[in-house]
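Order of appearance sets the numbers: ligands from 1, and atoms from 1 within every ligand. Values reported hereafter were calculated over all heavy atoms of this structure, with side chains retained and with hydrogens, waters and symmetry mates removed. Numbering starts at 1 and runs along the sequence shown. Computed from a predicted structure; not experimentally measured.
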Amino acid sequence: MVKYKVLELFSGIGGMHAAVDLLQRSTNDEFEIVAAIDINTTANMIYRFNHPKTSHWQRNITGITAKEINKKLSPDILLMSPPCQPHTRQGKRQDKKDPRSEALQHILSLIPEIPTLKYILLENVQGFEVSEARSDFVETVRKANFQICEFLINPIQIGIPNSRLRYYGLAKRTEDNISWQVPSTIQEDFCLIEPSLRKLEAFIKKGKLKDFLEVNISEDYLLEEKILLKYNRILDIVNSESDRSCCFTKAYGQYFEGTGSILQQSGDLDAAYAQAEMAGNQSELVLQELRKLKLRLFTANEISALLGFPAEFKFPPNCSRKQQYRTLGNSLNVNVVAILIHFMLS
Ligand SMILES: C[S@@+](CC[C@H](N)C(=O)[O-])C[C@H]1O[C@@H](n2cnc3c(N)ncnc32)[C@H](O)[C@@H]1O
């Protein structure tokens with residue numbers, strides 16, 4: 001049995017922590033989160049509510065020093081999901097020029113000064129793989145004697161009914177003359193990590209959406225009529241038998257284009273849309289058809305289950321629905337991260 005000390009940076013609501021817990025349940029290894037660090041008070045409130053015993057620092061990561069990390073934490077593993085806005089279309093893809101890239105740049109400058117560090121996992125959005133930030137990450141870790149293996153993968157590829165294509169950079173510090181036998185190209189499937197996937201498979205929930213849905217959902221989750229009228233043509237509608245859903249973003253519930261799927265609870269989708277189409281501008285007739293579908297938002301609990309958070313994961317009672325969607329949208333797929341950490345350590 002090995003015991004690892006884990007530093008969780010940009011910890012948000014604790015997606016990395018949940019991945020480590022999953023590994024702890026499914027392997028003989030032990031993991032201790034020596035510190036989780038984030039600046040966002042809402043995400044921190046949720047993290048602390050779920051992990052009251054974890055050492056959690058409400059800090060700006062740009063102010064953390066190598067001395068502090070070495071003296072107080074001496075981590076073996078660094079897990080981090082730095083801000084993705086510098087690499088998204090909505091964030092204008094300003095890459096290193098975006099001030100939100102500063103914290104990652106700062107951490108990269110510290111890596112060579114943390115001698116205990118042997119493993120790093122960095123998660124980010126698709127687009128990061130072509131950024132200068134990624135080039136800096138690769139260059140920094142290589143100079144510090146790490147070897148790197150990169151992935152662009154989606155949980156839907158392994159039967160989880162939710163899409164979340166993400167970049168993962170894994171780095172492992174190897175002893176002199178021993179190399180980590182991994183390809184130099186970015187891996188876009190699970191072939192290389194198949195043994196880790198198999199090892200954790202029994203702990204990963206897959207299936208159709210019905211396996212992730214709550215029952216007796218309040219009517220508050222039904223789409224408002226003005227939303228139905230305005231956005232019915234662009235909604236991504238799924239039902240309980242679907243084996244897919246779109247990536248849920250932090251704007252879910254606020255915006256309706258490309259922010260996540262909507263659940264159809266009854267009726268016949270094609271028939272209702274055909275009738276609505278025929279009704280043209282007659283709003284009341286259009287609504288009459290669309291109401292039959294009982295379209296609703298996914299609940300935060302359903303989204304967290306799709307992301308692979310355990311059933312015990314909960315939001316504090318004072319956390320608004322908007323805050324729940326925002327923080328979940330920023331989080332990650334716990335199962336995919338657990339598989340990747342397992343691969344990196346094995
Ligand atoms: C993509 S999210 C990470 C989410 C996390 N992995 C989770 O499971 O919720 C990025 C996080 O970085 C935090 N963050 C951004 N800049 C920061 C900084 N300078 N110092 C500390 N935290 C920062 C944000 O508050 C946000 O929670």
Side-chain angles (χ1 to χ4, degrees), residues 6-23 33 35-51 54-65 68-69 77-88 90-91 94-96 98-110 120-128 131 133-134 137 155 162 164-169 247-252 300 303-310 313-316 319 322-338 340-341:
V6 181
L7 173 58
E8 184 183 13
L9 295 181
F10 309 98
S11 51
I13 58 172
M16 295 288 188
H17 192 136
V20 161
D21 283 349
L22 196 162
L23 275 178
I33 306 277
I37 311 179
D38 201 291
I39 199 168
N40 183 284
T41 48
T42 305
N44 288 347
M45 166 182 76
I46 300 165
Y47 191 109
R48 289 174 184 169
F49 186 73
N50 284 282
H51 306 289
T54 301
S55 164
H56 189 278
W57 304 4
Q58 160 97 26
R59 290 272 296 273
N60 187 331
I61 285 170
T62 56
I64 307 277
T65 64
E68 211 173 355
I69 294 178
I77 305 179
L78 168 59
L79 303 178
M80 58 175 166
S81 324
C84 52
Q85 296 90 339
H87 312 289
T88 61
Q90 300 91 320
Q94 292 198 314
D95 199 351
K96 279 164 62 179
D98 188 316
R100 289 167 290 195
S101 284
E102 216 180 294
L104 174 60
Q105 292 297 320
H106 177 68
I107 289 304
L108 294 184
S109 75
L110 304 187
I120 303 171
L121 184 148
L122 182 154
E123 182 257 5
N124 215 280
V125 288
Q126 182 191 27
F128 185 83
S131 68
R134 177 261 175 188
F137 168 62
N162 180 233
R164 203 171 182 91
L165 178 60
R166 288 293 181 270
Y167 167 88
Y168 301 91
C247 180
F248 294 98
T249 74
K250 63 182 181 180
Y252 190 61
I303 298 174
S304 68
L306 285 165
L307 291 179
F309 280 85
F313 178 85
K314 288 282 173 285
F315 288 93
C319 189
K322 188 173 166 188
Q323 289 174 322
Q324 298 177 11
Y325 287 141
R326 280 193 77 78
T327 51
L328 283 167
N330 263 338
S331 191
L332 46 79
N333 190 287
V334 171
N335 297 312
V336 174
V337 171
L340 290 169
I341 300 174

Item to check | Spatial distance of atom CG (L78) from atom CG (L110) [nearest 0.5 Å] | outcome: 9.5 Å
Item to check | Residue pairs involving residues 55-64 (criterion salt bridge (Lys or Arg N to Asp or Glu O under 4.0 Å); sequence neighbours excluded) | outcome: R59-E68
Under 3.5 Å, N/O to N/O: give me all the pairs between ligand 1 and the protein, one per line with atom names and distance.
residue: ligand 1; atom: 6 (N); partner: S81; partner atom: OG; Å: 3.0
residue: ligand 1; atom: 8 (O); partner: G15; partner atom: N; Å: 2.9
residue: ligand 1; atom: 8 (O); partner: S331; partner atom: OG; Å: 2.7
residue: ligand 1; atom: 9 (O); partner: I13; partner atom: N; Å: 2.8
residue: ligand 1; atom: 9 (O); partner: S331; partner atom: OG; Å: 3.4
residue: ligand 1; atom: 19 (N); partner: N60; partner atom: OD1; Å: 2.8
residue: ligand 1; atom: 20 (N); partner: I61; partner atom: N; Å: 2.8
residue: ligand 1; atom: 22 (N); partner: I39; partner atom: N; Å: 3.1
residue: ligand 1; atom: 25 (O); partner: D38; partner atom: OD1; Å: 2.6
residue: ligand 1; atom: 27 (O); partner: D38; partner atom: OD1; Å: 3.3
residue: ligand 1; atom: 27 (O); partner: D38; partner atom: OD2; Å: 2.7

Checklist entry - Is the gap between the ring centers of H17 and Y47 under 6.0 Å? => result yes
Under 3.5 Å donor-acceptor pairs involving side-chain atoms of residues 120-128, not counting sequence neighbours:
residue: E123; atom: OE1; partner: S81; partner atom: OG; Å: 3.4
residue: N124; atom: ND2; partner: P82; partner atom: O; Å: 3.1

Item to check | Listed partners of C319 passing side-chain contact (heavy atoms from CB on, under 4.5 Å), at least two apart | outcome: M45, I46, F315, P316, Q323, Q324
Checklist entry - Which value, rounded to the nearest 0.5 Å, describes the distance between L7 atom CG and M16 atom CE? => result 11.0 Å
